[in-house]
**Q** 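Structure incoming, see below.
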Amino acid sequence: MIPAPTPRRQSSDLRKPVRHTPQSDAVVTRLALDARDGDPERTDRFVRALHRDVWRYVAYLSADPQAADDLTQDVFLRALVALRRFEGRSSARTWLLSIARRTVVDSLRHAAARPRLSDRRDWQDAAEAAQPYGVPGFEDGVALAELLAAIPAERREAFVLTQLFGLPYAEAAEAIGCPIGTVRSRVARARSSLIALLTDAQTPAPAPQAAPPPPQDRPNRQERQDRSDRARDRARHTRPAVRTSTPVAVSG
């Protein structure tokens with residue numbers, strides 16, 4: 001039994017930190033083991049305990065928060081079918097997130113194989129059109145999701161699991177299905193990509209430079225000569241006259 005759909009989550013939920021401890025993982029693992037008998041109340045407690053984590057993970061992994069509700073329902077449908085075989089060798093959270101990963105991958109493959117009927121705006125535009133701006137943290141949530149959507153999917157997945165969900169590298173490697181060294185490498189590259197994106201976004205655009213003045217024509221030889229002649233004429237006409245004194249004869 002899957003609980004009734006929860007209210008649609010806001011994009012601001014994407015920015016809320018998620019940190020788990022061994023104690024909290026042990027609690028949800030115990031809930032999963034208790035729900036294996038199919039008891040409706042135990043199943044409901046198990047689903048509600050991990051619903052938010054699954055929603056956040058598929059929203060990040062698919063880069064489409066608007067599809068996260070449907071994907072989350074699909075994840076729990078698959079998980080409840082497989083729950084009887086869960087033995088608690090790993091935490092229930094890691095086990096469930098590995099199912100969520102396969103669900104998103106299957107969804108992306110199905111979408112890629114399906115012909116597109118029309119061009120659709122990217123998911124950020126769709127989210128902004130559907131969500132109210134008055135919700136605290138909405139713009140931050142969209143910005144964070146937009147940055148993560150800009151990096152390669154395998155790096156985004158490793159970063160989300162370890163840095164946002166707080167899974168140890170070993171559990172993240174188990175959920176993804178790759179060596180732990182690969183997870184560390186992807187996380188490091190994701191950090192570098194995000195830093196580069198943030199640096200580019202914060203670097204101001206260079207101010208436009210003023211156009212240089214048009215070049216002036218240099219006077220040719222004849223013009224220079226004419227100017228020189230006119231200057232001499234002005235000097236000659238403005239020169240003051242020099243008086244000469246006539247000697248006076250003196251009679252004896």
Side-chain angles (χ1 to χ4, degrees), residues 1-110 131 135 137 141 145 156-178 180 183:
M1 173 183 174
I2 297 180
T6 56
R8 180 175 294 273
R9 297 184 183 274
Q10 305 291 346
S11 295
S12 57
D13 288 350
L14 291 171
R15 72 187 184 105
K16 296 177 181 178
V18 177
R19 293 297 175 187
H20 303 292
T21 64
Q23 292 75 16
S24 64
D25 282 340
V27 170
V28 295
T29 300
R30 183 71 261 169
L31 291 174
L33 292 172
D34 291 344
R36 288 184 302 175
D37 61 1
D39 179 77
E41 292 185 2
R42 294 176 180 177
T43 301
D44 183 76
R45 286 197 294 269
F46 163 68
V47 172
R48 292 186 181 278
L50 291 173
H51 190 277
R52 179 171 177 263
D53 284 352
V54 171
W55 187 93
R56 285 168 53 91
Y57 183 54
V58 299
Y60 274 125
L61 198 58
S62 65
D64 187 359
Q66 300 301 300
D69 289 337
D70 292 337
L71 287 171
T72 300
Q73 292 292 316
D74 291 343
V75 169
F76 280 107
L77 284 172
R78 295 187 182 193
L80 294 182
V81 171
L83 190 58
R84 293 179 181 275
R85 300 189 298 273
F86 176 68
E87 298 179 355
R89 296 178 181 176
S90 63
S91 70
R93 181 175 284 105
T94 301
W95 173 76
L96 190 58
L97 291 180
S98 66
I99 295 176
R101 180 179 184 272
R102 292 193 297 270
T103 301
V104 173
V105 169
D106 290 345
S107 174
L108 294 176
R109 287 174 178 170
H110 177 71
Q131 303 289 351
V135 177
R156 178 172 66 244
E157 178 182 29
F159 185 87
V160 168
L161 285 175
T162 58
Q163 307 304 305
L164 298 182
F165 282 80
L167 288 185
Y169 282 92
E171 292 191 22
E174 182 180 350
I176 297 173
C178 68
I180 187 172
V183 174

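The figures here come from the full heavy-atom set of this structure, side chains too, leaving out hydrogens, waters and symmetry mates.
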**Q** Just checking, is any N or O donor in the side chain of E157 or Y57 under 3.5 Å from an acceptor N or O on the other one?
**A** yes
**Q** Counting N and O atoms only, with roles assigned by atom type, does the side chain of R42 sit under 3.5 Å from a partner on the main chain of D39, one being a donor and the other an acceptor?
**A** no
**Q** Quick one: are V58 and V75 in side-chain contact, heavy atoms under 4.5 Å?
**A** yes
**Q** What's the shortest heavy-atom distance between S62 and A59, and which atoms?
**A** OG-O, 3.7 Å
**Q** Show me the pairs that pass ring-ring contact (aromatic ring centres under 6.0 Å, His included) and involve residues 79-103, at least two apart or across chains.
**A** F86-W95
**Q** Whether D106 and R78 form a salt bridge (side-chain N of Lys/Arg under 4.0 Å from carboxylate O of Asp/Glu) is what I want to check.
**A** yes
**Q** Let me confirm one number: the OG1-CG distance from T43 to D34, rounded to the nearest 0.5 Å.
**A** 10.0 Å
**Q** Got a second to check how far L50's CG is from L31's CG, nearest 0.5 Å?
**A** 8.0 Å
**Q** R156: what forms a salt bridge (charged side-chain N to carboxylate O under 4.0 Å, His left out) with it, not counting sequence neighbours?
**A** none
**Q** Please find the pair of heavy atoms, one from A175 and one from S98, that lie closest to each other, and give the distance.
**A** O-CB, 3.6 Å
**Q** To check you understand the geometry: which heavy-atom pair defines the closest contact between L83 and A32, and what is its length?
**A** CD1-O, 3.8 Å
**Q** Does the side chain of L96 come within less than 4.5 Å of F76's, by heavy atoms?
**A** yes
**Q** At what distance, to the nearest 0.5 angstrom, does CH2 of W55 lie from OH of Y60?
**A** 9.0 Å
**Q** Could you tell me if the side chain of R48 sits less than 4.5 Å from the side chain of D44, heavy atoms only?
**A** yes
**Q** Please report the interatomic distance CG(D70) to OG1(T103), rounded to the nearest 0.5 Å.
**A** 12.5 Å
**Q** I need the E87 CD to L33 CG distance, nearest 0.5 Å.
**A** 9.5 Å
**Q** Closer than 3.5 angstrom, by distance alone: can the side chain of T29 be matched with the main-chain N or O of A92 as a donor-acceptor pair?
**A** yes
**Q** Regarding T94 and E171, is there a side-chain donor-to-acceptor distance under 3.5 Å anywhere?
**A** yes
**Q** Answer yes or no: is there a side-chain heavy-atom contact under 4.5 Å between R56 and H51?
**A** no
**Q** Distance-only, no hydrogens or angles: does the T162 side chain make a donor-acceptor pair with backbone N or O of A158 under 3.5 Å?
**A** yes
**Q** Does any part of the side chain of L167, heavy atoms only, come nearer than 4.5 Å to the side chain of L97, both counted from C-beta?
**A** yes
**Q** So do S91 and V28 actually touch side chain to side chain, heavy atoms under 4.5 Å?
**A** no
